[in-house]
Amino acid sequence: MSAAPATLPPEPARHDPYASLRLRDFRLLILSVLAYTMGTQVQEVVIGWQLYALTKDPLALGFIGLAEALPFITVALFAGHVADRRNRRTVGLASLGVLVLCSAAFLTFSEVPGLLTPRRVWIVYLVIAASGVARSFLGPVNTGLGAELVPRPLYPNAVAWRSSAWQFAAVAGPALGGLLYGWTSAGAAYGVAGGLVLAALAALAAIRYAGRPAPPPEARESLRESIATGLRFVFGTPVILGALTVDLFAVLFGGAVALLPIFADAILHVGPQGLGALRAAPAVGAVLMSVVLAHRAPMHRAGRAMLWAVAAFGACIIGFGLSRSFLLSLALLAASGMVDQVSVVIRSTLIQVVTPESLLGRVSAVNSIFIGSSNEIGAFESGVAARLLGTVPAVVIGGMLTLAVVAATAWRVPALRRMGRIGEAG
């Protein structure tokens with residue numbers, strides 16, 4: 001009597017790296033993020049170079065970050081509340097409209113003779129502050145829309161591609177800004193930046209999105225209660241709080257990017273074209289890593305991977321501060337972008353998977369305060385540290401502090417250290 005044939009286990013479903021990109025409206029969101037980010041990156045390169053050329057003061061570069069971070073932080077929680085209560089596409093369109101006006105203002109500063117002088121740089125900071133307010137709304141809007149336009153099982157894939165689009169724009173934007181400023185004029189660069197933001201507005205407007213149904217009157221919270229609910233969720237979820245904290249201090253202390261005009265001018269001697277390459281290098285590494293992450297299945301030990309990635313970021317920043325070779329500096333900045341992208345994708349996926357959809361705007365706003373504003377505050381901290389300690393010591397000490405933060409987080413937040421696949425117990 002012959003034995004019954006063994007039953008073969010079902011083959012696991014193949015990972016489709018392009019699953020989220022097959023959705024029309026998500027592709028439009030990606031295009032909007034790509035164009036808006038590229039336009040703002042072009043502006044940032046030109047603004048930084050113009051102000052440093054005008055003042056020769058590293059603190060002027062630090063104030064660029066501070067001028068955007070303070071209004072950003074001030075309205076971020078309200079922006080998250082609005083993103084959870086209003087039509088997210090409409091809020092995004094209004095925010096992009098403000099950024100178009102900011103681009104027009106920067107173009108005016110560069111084209112009107114005598115308008116921009118060392119005594120009048122405060123005008124630039126005012127426009128930067130307005131762009132910070134607009135950006136505080138775009139973060140929660142894009143996160144919320146990204147979750148609504150994509151089925152939940154595709155969240156990790158969607159986060160990887162959305163982050164890849166952002167990072168690609170961060171590659172092309174600085175390089176384009178440096179080339180336009182170096183070979184044409186500041187006015188041409190600002191004009192291209194404004195056109196890119198307009199393209200982002202058009203892509204967002206083309207998304208077929210009716211909005212979520214409004215909650216019944218008895219379920220509506222006041223502004224204060226709504227913000228408090230989002231904060232309670234973040235501070236009551238250790239893995240999210242730990243992930244936000246470690247990235248906050250890594251970006252805060254590792255803010256070498258704010259000092260790149262000084263490295264390009266006084267240390268590496270590569271001019272505005274070299275500045276564009278230095279600004280783009282971290283994003284080149286991040287794009288490469290984003291593509292790798294999109295083509296692979298979710299990580300089995302996401303918590304450890306995130307901590308090791310942030311530690312490697314700190315080591316790259318230390319190496320960059322000590323480098324006197326342009327090529328080595330580019331390589332170290334690219335490597336920092338690669339490992340930073342691992343952390344970004346893990347944190348962003350964690351927030352989308354763990355957070356209820358109705359809270360995504362508010363939790364994303366808290367994430368923006370922790371991470372988005374820390375870029376600008378980190379820029380200010382780097383400017384102050386460079387003024388007090390010197391440019392190179394400021395960068396090296398910042399990298400060392402990043403390593404200390406990783407060690408402290410691994411010790412104090414064991415839930416993050418033990419986290420396996422995102423959404424599963426560690």
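Below, each value reflects all heavy atoms present in this structure, side chains not excepted, and no hydrogens, waters or symmetry copies. Computed from a predicted structure; not experimentally measured. If you read the sequence from its start, that first residue is 1, and numbering goes on from there.
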Checklist line | Minimum heavy-atom distance Ala206-Leu28, with the two atoms named | finding: O-CD1, 3.6 Å

Checklist line | Listed partners of Ser20 passing side-chain hydrogen bond (donor to acceptor under 3.5 Å, both in side chains), at least two apart | finding: Asn157

Notebook entry, point to check: What residues form a ring pair (Phe, Tyr, Trp, His ring centres under 6.0 Å) with Phe137, not counting sequence neighbours?
Noted result: none

Item checked: Any residue meeting side-chain contact (heavy atoms from CB on, under 4.5 Å) with Val42, in chain and number order, not counting sequence neighbours -> Leu176, Ala189, Ala193

Next item on the list: Go through the structure and list residues passing side-chain contact (heavy atoms from CB on, under 4.5 Å) with Leu196, not counting sequence neighbours.
Entry: Met38, Val192

Note to self: What I'd like to find out is whether the side chain of Leu241 reaches to under 4.5 Å of the side chain of Val413, using heavy atoms alone.
What the structure shows: no

Next item on the list: Quick one: pull up CD in Glu148 and CZ in Arg88 and give me the separation to the nearest 0.5 Å.
Entry: 4.5 Å

Notebook entry, point to check: Does some side-chain heavy atom of Tyr190 sit less than 4.5 Å from a side-chain heavy atom of Ile47?
Noted result: yes

Next item on the list: Could you check if a side-chain atom of Val384 sits within less than 4.5 angstrom of a side-chain atom of Arg387, using non-hydrogen atoms only?
Entry: no

Run the side-chain donor-acceptor check on residues 396-403: report pairs under 3.5 Å with partners two or more places apart or on a different chain.
unit_1, atom_1, unit_2, atom_2, d
Thr402, OG1, Gly398, O, 3.0

Next item on the list: Mind listing the closest non-hydrogen atom pair of Leu278 and Leu333 along with its distance?
Entry: O-CD1, 3.5 Å

Next item on the list: Please report the shortest heavy-atom distance between Ala169 and Thr37, naming the atom on each side.
Entry: CB-CB, 3.6 Å

Notebook entry, point to check: How far apart are the closest heavy atoms of Val197 and Ser103, and which atoms are they?
Noted result: CG2-OG, 4.3 Å

Margin query: Can you confirm whether Asp340 sits close enough to Pro282 that some side-chain heavy atom of one is under 4.5 Å from a side-chain heavy atom of the other?
Written below: no

Checklist line | Contacts of Ser343 that satisfy side-chain hydrogen bond (donor to acceptor under 3.5 Å, both in side chains) - sequence neighbours left out | finding: Asp247

Notebook entry, point to check: Does any non-hydrogen side-chain atom of Leu77 lie less than 4.5 Å from one of His81?
Noted result: no

Notebook entry, point to check: Got a sec, which residues hit side-chain contact (heavy atoms from CB on, under 4.5 Å) with Pro414, two or more places apart in sequence or on another chain?
Noted result: Arg417, Arg418

Item checked: Spacing of Asp265 atom CG and Leu259 atom CG [to the nearest 0.5 Å] -> 12.5 Å

Checklist line | Minimum-distance pair of heavy atoms, taken over all atoms of Arg162 and Ile30 | finding: CA-CD1, 3.2 Å

Note to self: Checking Ser95 now: which residues fulfil side-chain hydrogen bond (donor to acceptor under 3.5 Å, both in side chains) with it, not counting sequence neighbours?
What the structure shows: none

Notebook entry, point to check: Under the side-chain contact (heavy atoms from CB on, under 4.5 Å) criterion, do Phe263 and Leu275 qualify, and how do the steps go?
Noted result: CA-CA 8 Å; Phe263 277 90; Leu275 172 61; over 6 Å; no

Checklist line | Spacing of OG belonging to Ser329 relative to CZ belonging to Arg324, to within rounding of 0.5 Å | finding: 8.0 Å

Check: Can you tell me how far CG of Leu244 sits from OG1 of Thr409, rounded to the nearest 0.5 angstrom?
Finding: 11.0 Å

Notebook entry, point to check: Ile128 versus Phe106: any side-chain heavy-atom pair under 4.5 Å?
Noted result: yes

Item checked: Separation of Leu93 CG from Asn87 CG (nearest 0.5 Å) -> 8.5 Å

Donor-acceptor contacts, no H, no angles, side chain residues 311-320, under 3.5 Å, sequence neighbours left out:
none

Notebook entry, point to check: Ala250 and Val310: which non-hydrogen atoms are nearest, and at how many Å?
Noted result: CB-CG1, 3.5 Å

Margin query: Once rounded to the nearest 0.5 Å, what's the spacing between atom CZ of Arg24 and atom CG of Leu149?
Written below: 10.5 Å

Item checked: side-chain contact (heavy atoms from CB on, under 4.5 Å) between Leu138 and Leu96, worked out -> CA-CA 8 Å; Leu138 281 173; Leu96 289 171; 3.9 Å; yes

Next item on the list: Keeping to residues at least two apart or across chains, list the side-chain hydrogen bond (donor to acceptor under 3.5 Å, both in side chains) pairs with something in residues 25-35.
Entry: none

Next item on the list: Only counting residues at least two apart or in another chain, list the ones meeting side-chain contact (heavy atoms from CB on, under 4.5 Å) with Leu23.
Entry: Phe26, Val150, Pro151

Check: Does the side chain of Val127 reach to within under 4.5 Å of the side chain of Val124, using non-hydrogen atoms?
Finding: no

Next item on the list: Return the set of residues passing side-chain hydrogen bond (donor to acceptor under 3.5 Å, both in side chains) with Thr74 (not counting sequence neighbours), or none when no residue passes.
Entry: none

Margin query: Other residues, nucleotides and ligands only: do more than 12 of their heavy atoms fall within 6.0 Å of CZ on Arg412?
Written below: no

Notebook entry, point to check: Does Ser325 offer a backbone N or O that forms a donor-acceptor pair with the side chain of Ser323 under 3.5 Å?
Noted result: yes

Margin query: Checking the side chain of Arg362 only, and the main-chain atoms of Leu231 only, is there a donor and an acceptor separated by less than 3.5 Å?
Written below: no

